[in-house]
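Shown next, in structure tokens, is the structure this report addresses.
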Amino acid sequence: MPDIPVVYVLNGPNLNLLGTREPEIYGHATLADVQALCEAAAEGATVVFRQTNHEGELIDWVQEAQTSASALVLNPAAYGHTSIALLDALKALTIPVVECHLSNPMAREAFRHTSYVSLAATGIVSGFGAQSYDLAVKAALRLVQERRSAATV
Ligand code: CA2
């Protein structure tokens, strides 16, 4: 029986406010709705879903993912634009990393056009609102599957 994959879905600062403000940018779904969406997208795989407003805690969880997860979906929120420490933590991972954003940062202010996280991400899903997470979890699981198949040939 194959091991059940574990997908860490980590969320950065202010995403706890989702659904309460700026619905024109981030939509009406709450973070609890997004978690439910990720669990549905995982189709039986285990989802570990967390949010923090603290950079160090996010980095601790990224480090934890290396030993406890098969893949990481990360919405770094504003830390994606600012945190070299987060990038360094991501560079130490050997599991697939899917960067995920509700909005499309490239279509917004210039300061959102830089993503340190992208330098370490396998791929990026952005601009689809809460559906970005559905796509990101599915992409992460596909990457896990591909790696497992490649390891058995
Ligand atoms: O589009 C995304 O998912 C972002 O990662 C969201 C970040 C932003 O800094 C990135 O540029 C793009 C902001 C998260 C804050 O979320 C809020 C949600 C509702 C109300 C207030 C903040």
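Read the numbers this way: they start at 1 and go in the same order the structure lists the ligands and their atoms. Below, each value reflects all heavy atoms present in this structure, side chains not excepted, and no hydrogens, waters or symmetry copies.
Counting the atoms of ligand 1 from 1 in the order shown, those under 4.0 Å from a heavy atom of Ala78 are 9 (O). Of all atoms in ligand 1, numbered sequentially from 1 with element shown, those under 4.0 Å from a heavy atom of Arg21 are 19 (C), 20 (C). Listed by atom number, the atoms of ligand 1 under 4.0 Å from Leu102 heavy atoms are 1 (O), 2 (C), 3 (O). Every atom of ligand 1 is numbered from 1 in the order shown, and the set under 4.0 Å from a heavy atom of Glu22 is 21 (C). Residue His81 approaches ligand 1 through these ligand atoms, each under 4.0 Å from one of its heavy atoms: 10 (C), 11 (O).
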> How far apart are the C-alpha atoms of Tyr116 and Ile84, what are their side-chain angles, what is the distance that settles it, and do they pass the side chain to side chain contact (heavy atoms under 4.5 Å, CB included) test?
Replying inline: CA-CA 7 Å; Tyr116 290 111; Ile84 294 166; 4.1 Å; yes
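Of the N and O atoms on the side chains of Tyr26 and Asn14, not one donor lies less than 3.5 Å from an acceptor on the other residue. Under 3.5 Å, the side chains of Glu55 and Asn53 contain no donor-acceptor pair of N or O atoms.
With a 4.0 Å heavy-atom cut-off, ligand 1 is reached by the side chain of Arg112 but not by its N, CA, C or O. The side chain of Asn75, and not its backbone, has at least one atom closer than 4.0 Å to an atom of ligand 1 (non-hydrogen atoms only; side chain from C-beta on). Residue contacts with ligand 1, taken as heavy atom pairs separated by less than 4.0 Å, involve His101 via backbone and side-chain atoms alike.
Distance alone, capped at 3.5 Å, places no donor-acceptor pair between the Ser126 side chain and the Cys100 backbone. Proximity of a side-chain donor or acceptor of Asp88 to a complementary backbone N or O of Ala85 within less than 3.5 Å is not detected. Between the side chain of His81 and the backbone N or O of Thr114 there is at least one donor-acceptor pair closer than 3.5 Å. Looking at Glu99, its side chain does come within 3.5 Å of a backbone N or O of Ser118 through a donor-acceptor pair. Between the His113 side chain and the Met106 main chain, a donor and an acceptor come within less than 3.5 Å of each other.
For atom 16 (O) of ligand 1, the nearest non-hydrogen atom of the protein is Asn14 O, 3.6 Å. Given atom 1 (O) of ligand 1, the protein heavy atom at minimum distance is Ser103 OG, 2.5 Å.
The distance criterion of under 3.5 Å between nitrogen or oxygen atoms is not met by Tyr26 with respect to ligand 1.
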